[in-house]
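First up is the structure itself, then whatever we jot down about it.
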Amino acid sequence: MPRPSLRTALLGASLALLSCSRHKASTEAPAEAQATGESPLAQAAAGLPGFETSGAARDVPHERFYVEVGDAPVRGPADAPVTIVAFSDFECPYCEKGHQSMLALEKEFSGQVRFAYKAFPLEFHGYALVAALMARSALEQGKFWAFYDRIFGQKGLDLERLQDAARAAELDLSKIQDDLEALRWGTAVQKDLRQGRRLGVTGTPAYFINGRHINGAKPLELLRSVVKEELELAAKWREQGVAPEQIYAHAIADGYREVQVRRPRPGLKPDVIYPVPVDDSPQRGPATAPVTIVEFADFECGFCVRGHDTLEKLRRRYGDKIRVVFKHYPLPFHSHAFLAARAAMAAHAEGKFWEFHDRLYAEKAQFDEATLLQIARELKLDGKKFKQRLHAADADARIVTDQDLGSTLGVRGTPAYFVNGRAVDGAVPELEFRLVIQEELERAEALLREGVPPAALYHRLVTPKAPSDGR
């Protein structure tokens, strides 16, 4: 069988999030946000009072954040007095503008600036995630910066430009294709995303200059002034005995490690591990599977149909590594949704929940009571008992319990998934789902290596950690 082309491997990169929801959200960004490149949340945050900094070290002025460089691609000397960490999106035009400013700073302050890249692909940019994954492959091949500079020098991003940049950087395209298909660097990109969100990053570009947050593609003059201030501070710190290679650690030591909002937005949070119980809900796949996906769904929701198709692809790909658990979440504006939930539970009473589930989804959210009865006949269910259960309240307590659980967790529409407790909100593409699964497989494998019994794995995976005392 011939190998799929790189183009084929990239076609799954669209990240538009789709879901049925109780509230209709606007799809247009405000004009001000479009003009500045900053999200409405970022603009609102910019107008809030600053953090309390009275506890910071006296010789380290300005509000700062503890931004670990970690395994990020870096250029510039390790002992540079100024470190700039950039959370960036290769498809963002404001990141492209910011890239030019960074190049200017690196040239002007040669040897005095260290630049580090963090991936922060935005979900509405269809090629940004694939570009970030390819960049990690380029890093392993020792050609990250050639690829990085080439992408930002192309004025736009699409599949052709990605491949052109890879060829220009003399990358091994076959190796990149293998890495993409295996999502080898998915966890690394997810790690950057989570770090950025933890630090309050909501849009791109976001820069941290020795821990000082600069949001958006600001004028070069402003960036230059901050770098000069940091160079002056670094000179004072060296006079006080701080070693050159410790300047960055000294600058960020008392920085904020996480931004916490007093009134968080409603809905599911991708960086929270939710303790979602499985209970006696219908499930398929081994209870010892390293990944459990709990699904809150509505049979009459077209997006749930798409989500079901994606889950089936994932089950075929991962086999016994995945367990799927179904929770009912019929929405009030779908006239047959609650009746369909009753019908599925009636089939469950005869041991054929999943057969009914799959057959019902095959109707593509277009059905009525006659369809439910017809499916029951096709599956050779007891017609009399099925019809009685369809019009009785026997299963209603189970359905309402699922709905209440979903609402408590923050589910606002369907479909909503919890992958080892980590939320995936909406009918996201297979690629985005796989990124979370890959991350969770690694998390599960780490626990198994620690000696956690397979039967206790899910409980450990979704049990929240005790809160830290960090700032």
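Numbers here simply count residues along the sequence, with the first being 1.
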Taking the ring centre of each residue, are [X] and [Y] less than 6.0 Å apart?
X      : Y      : result
His99  : Tyr148 : yes
Phe356 : Phe386 : yes
Phe367 : Phe299 : no

Of the options Arg434, Arg194, Lys191, which is the one that meets Glu439 in a side-chain hydrogen bond (donor to acceptor under 3.5 Å, both in side chains)?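 Checked Arg434, Arg194, Lys191 against Glu439; only one passes side-chain hydrogen bond (donor to acceptor under 3.5 Å, both in side chains): Arg194.
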
Side-chain ion pair, Glu350 and Lys385, N-O less than 4.0 Å: no

Qualifying residue for side-chain contact (heavy atoms from CB on, under 4.5 Å) with [X], from [options]:
X      : options                : result
Tyr417 : Lys327, Arg422, Glu295 : Glu295
Leu157 : Leu162, Asp89, Val130  : Leu162
Asp271 : Arg198, Arg197, Gln190 : Arg197
Val436 : Val419, Ile293, Val291 : Val419

Would you say [Y] and [X] are linked by a side-chain donor-acceptor pair, where the criterion is simply a distance under 3.5 Å?
X      : Y      : result
Ser137 : Asp179 : yes
Lys118 : Gln195 : yes
Thr371 : Asp368 : yes
Glu181 : Gln177 : yes

With a 6.0 Å cut-off (strictly less than), is the heavy-atom count around [atom1] of [X], excluding the residue itself, greater than 12?
X      : atom1 : result
Asp320 : CG    : no
Arg323 : CZ    : yes
Glu378 : CD    : yes
Lys97  : NZ    : no

Roughly how far apart are Phe87 CZ and Leu193 CG, rounded to 0.5 Å?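 That separation rounds to 9.0 Å.
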
Drop me the distance from Tyr329's OH to Arg412's CZ, to the nearest 0.5 angstrom. 9.5 Å

Output yes when a side-chain donor or acceptor of Arg184 lies under 3.5 Å from a complementary backbone atom of Asp178, and no otherwise. no

